[in-house]
Amino acid sequence: MGGSHSREELISDSDEEEYEEEEENYQDSKDDTPERSSSGRRPKTPSSLDEVAAKLEALKLKYPTSNTPNPSLKNAVKLYLHIGGNTPKAKWVTSEKLTSYAFIKTAKIDGQDGAEDGEESENEEESGDVWWVMKVGNKIRVKVGVEMQLKSFGDQRRVDFVAKGVWAMKFFSDEEYKSFVRKFNDCSFENTYKMESNDANKVKVYGKDFIGWANPEAADDSIWEDAEDVFSKSPRSATPVRANQDLREEFEEAANGGIQSLALGALDNSFLVGDSGIQVVKNFTHGIQGKGVYVNFDNGNQRSGLNSVHSTPRKALLMRAETNMLLMSPKTEGKPHTTGLHQLDIETGKIVTEWKFGKDGTEITMRDIANDSKGAQLDPSGATFLGLDDNRLCRWDMRDRNGIVQNLATSTPVLNWTQGHQFSRGTNFQCFATTGDGSIVVGSLDGKIRLYSITSMRQAKTAFPGLGSPITHVDVTFDGKWILGTTDTYLILICTLFTDKDGKTKTGFNGRMGHRVAAPRLLKLTPVDSHLAGVNNKFRNAQFSWVTENGKQERHLVATVGKFSVIWNFQQVKNGSHECYHNQEGLKSCYCYKIVLKDDSIVDSRFMHDKFAVSDSPEAPLVIATPLKVSSFSISSRR
């Protein structure tokens, strides 16, 4: 699949009439049954009537123009439906030549009521939670929110959205279009935060330092343009990916078992974590390939097997120059929390230790683990790693605090809590990641993203407000200048750079950003692609490409949604003059991406280490894993 614009063509008046004519001809052909008079001949319509009707239409006396709404119809729009999916026959067709929309506050999201725009149904307040719902004629009734994937086209006075199908509405004037966008945003804010959309409430939600997130036009965007891009000086790499680069599949092969996760190495090997074991594969400049050693989780040895694991490992973390791997298995299926992990010696293929999480003599849980820094897995002497739970952030040490090796044969060793903080309540941490120097970014259930320096896990240096959606995954560039958060329906890209009172440029990991905070940018699927991805498929595991050296810049972003692997050009997203951002309302959203479509749901999509990029490619290979196959793609430049 190519760029997103291929299924998002301009809806012109000529196209509208063509589509209408096609529908009308189809209807006419269905209803055209031969009728004969008593004499056996079909009555002939006088041609003079056709001529009169044609002249009246030309004079605009009998027929209103397509852009003239019924003056008595409030909130009049034209409604279109997208048909044909991603086939060559995909197109927009007219659903309603003239209809109207209304915003209704109701508890009956899927029901029917006769409330007018902005009015509540009878006894609505007694019925529990109420929501703003958008109705369009008798065909659409949908709760207002990010799930609609609304995309606006100011130059066309048009909005596209998803509501059990992909729809477009065109407005008859600029003011009507702008009025709809304002009302939609107000309803979405109220549905999300349960308070009226006004300046005072926006300050309550975002804070005065981040008011630019609610009013992007007032935000300081200069930091996006001033941010250092070491590769932007290269004409080849600065050119949009869809214009001069192709994704080419290099390798594809079947896996030994159902793949659950990827553990990419920066050295010789990478690892596919499956239902019953780990498959070792070889790293090449064009991807990963080759069936090497297969490590079974249960090989009959009581100490070396995973007999005590609650379920298949869902998280694998490489350590000690990629000779060891930590495996986390959920205690309860469907929930990430666990009370311990297993340490696998990759060279021997055996589990050498089963560790428990404990603090002050009490067993505790963790929901995620991460390396101390971006390149920590390459450190041959590494013995510490980071842990995260709903209200805990800490560093674990596998060495005995007294310098004595623990007796692994007689007891289950307990990891040492060496640094961290246990928050009283309310943080609801979900995910985290580290920079090249070990600074930590944490995403939360309420959408907040917190930045912690390398010196303290107790107090965040910066806390970015949420946009109403939980952060399910987070990543950060090696230099700490950019953060990528994943939500179910969009990705959020945040610049952490700011200028302090002395005129020095810093990141939010090292100081309080104050009021000069740039508005974030959103990365989204178009409504058409979002609908094709499937209603139950959500964005997962958005990540930057992988570098572990100062002075090198990540070039791409990749995320998974259903059977799609979606790739954005990082430089293009940062470019404020990029075409995606023209005529947009609110936060800038980028819709220019490449899609790789697989036959099965994708487990993970990740770029290999930057060292595997070759001279004719601006990027290291992209590895895409489904439960039964793993594929490698190179990004090649066309000359």
Side-chain angles (χ1 to χ4, degrees), residues 1 4 6-9 11 16 19-20 22-23 26-27 75-87 89-115 117 121 129-153 156 158-171 180-181 183-185 187-188 190-192 468-469 487-490 522 524-540 561-564 566 589 591 595 597 601:
M1 298 174 71
S4 63
S6 60
R7 293 180 296 280
E8 208 172 51
E9 68 279 356
I11 301 178
E16 294 163 17
Y19 295 149
E20 290 170 12
E22 286 176 3
E23 289 188 322
Y26 176 70
Q27 185 67 37
N75 298 332
V77 292
K78 284 186 175 182
L79 183 65
Y80 300 86
L81 176 65
H82 191 273
I83 62 172
N86 63 347
T87 67
K89 294 184 178 180
K91 64 179 180 179
W92 291 99
V93 297
T94 304
S95 177
E96 295 284 350
K97 295 180 182 179
L98 187 63
T99 186
S100 65
Y101 72 88
F103 290 104
I104 299 167
K105 203 170 187 180
T106 177
K108 305 172 185 176
I109 295 176
D110 297 320
Q112 297 292 326
D113 59 50
D117 189 7
S121 301
D129 288 339
V130 293
W131 310 92
W132 282 106
V133 169
M134 187 181 82
K135 286 179 60 179
V136 185
N138 294 319
K139 294 187 175 181
I140 299 171
R141 184 184 180 98
V142 60
K143 178 184 171 184
V144 175
V146 293
E147 295 77 14
M148 290 177 61
Q149 298 285 359
L150 186 111
K151 182 180 181 184
S152 58
F153 302 81
Q156 298 185 48
R158 159 189 166 195
V159 294
D160 295 1
F161 58 93
V162 178
K164 297 180 180 178
V166 184
W167 306 85
M169 292 194 304
K170 288 192 75 173
F171 301 83
F180 170 86
V181 172
K183 182 64 175 176
F184 180 90
N185 289 336
C187 292
S188 183
E190 188 168 340
N191 278 353
T192 301
S469 299
T487 76
D488 289 349
T489 52
Y490 59 85
L522 305 182
K524 297 181 178 180
L525 293 181
T526 65
V528 172
D529 284 336
S530 176
H531 183 64
L532 291 174
V535 67
N536 295 320
N537 289 318
K538 305 167 183 177
F539 271 124
R540 292 187 297 107
V561 53
K563 298 179 181 180
F564 294 171
V566 192
S589 299
Y591 294 92
I595 288 180
L597 174 63
S601 293

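Keep in mind that what you see is a predicted model, and the values were worked out from it rather than measured.
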Identify, with sequence neighbours excluded, every residue that meets side-chain contact (heavy atoms from CB on, under 4.5 Å) alongside [X].
X      : value
Thr192 : Ser188
Ser469 : Val146, Thr487, Tyr490
Val561 : Leu525, Ala533, Asn537, Phe539, Phe564, Val566
Asp488 : Thr472, Lys538

Quick check: do [X] and [Y] have side-chain heavy atoms less than 4.5 Å from each other?
X      : Y      : answer
His531 : Pro527 : no
Leu150 : Val162 : no
Glu190 : Trp131 : no
Tyr80  : Met169 : no
Met134 : Arg141 : no
Leu98  : Lys78  : no

In Å, rounded to the nearest 0.5 Å, how long is the span from [atom1] of [X] to [atom2] of [Y]?
X      : Y      : atom1 : atom2 : result
Lys183 : Asn75  : NZ    : CG    : 10.0 Å
Phe161 : Ser530 : CZ    : OG    : 13.0 Å
Ser589 : Leu522 : OG    : CG    : 4.0 Å
Ile140 : Ser95  : CD1   : OG    : 7.0 Å
Trp92  : Lys170 : CH2   : NZ    : 11.5 Å
Thr87  : Lys91  : OG1   : NZ    : 10.5 Å

side-chain contact (heavy atoms from CB on, under 4.5 Å) assessment of Thr106 paired with Val130: CA-CA 5 Å; Thr106 177; Val130 293; over 6 Å; no
Over all atoms of both residues, closest heavy-atom pair of Leu81 and Val166: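 Heavy-atom minimum between the residues: CD1-O, 3.4 Å.
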Closest approach of Gly85 to Leu532 (non-hydrogen atoms, all atoms of both residues):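 So the two residues come closest at CA-CD2, 3.8 Å.
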Gln149: partners by side chain to side chain donor-acceptor pair (under 3.5 Å), with sequence neighbours left out: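 Gln149 satisfies side chain to side chain donor-acceptor pair (under 3.5 Å) with no other residue.
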Side chain to side chain donor-acceptor pair (under 3.5 Å) partners for Lys164, two or more places apart: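 Lys164 satisfies side chain to side chain donor-acceptor pair (under 3.5 Å) with no residue once adjacent residues are dropped.
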Check against side-chain contact (heavy atoms from CB on, under 4.5 Å), Val142 and Val133: CA-CA 5 Å; Val142 60; Val133 169; 5.8 Å; no
Residue pair Phe184, Trp132: steps toward the side-chain contact (heavy atoms from CB on, under 4.5 Å) verdict: CA-CA 9 Å; Phe184 180 90; Trp132 282 106; over 6 Å; no
Aromatic plane relationship, Phe171 with Tyr101 - under 30° parallel, 30 to 60° tilted, over 60° perpendicular: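 Correct class here is perpendicular.
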Intermediate values then yes/no, side-chain contact (heavy atoms from CB on, under 4.5 Å), Met148 and Trp167: CA-CA 10 Å; Met148 290 177 61; Trp167 306 85; over 6 Å; no
Asp160 side chain to Ala168 backbone, donor-acceptor under 3.5 Å: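 No; judged by distance alone, with no hydrogens or angles, the pair does not exist.
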Carboxylate-amine/guanidinium contact Glu96 Lys139, below 4.0 Å: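 Salt bridge flag = yes for Lys139 with Glu96.
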Lys/Arg cation over aromatic Tyr591: Lys151, 6.0 Å, 45° cone: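 Relative to the ring axis of Tyr591, which defines the angle, Lys151 lies inside both limits.
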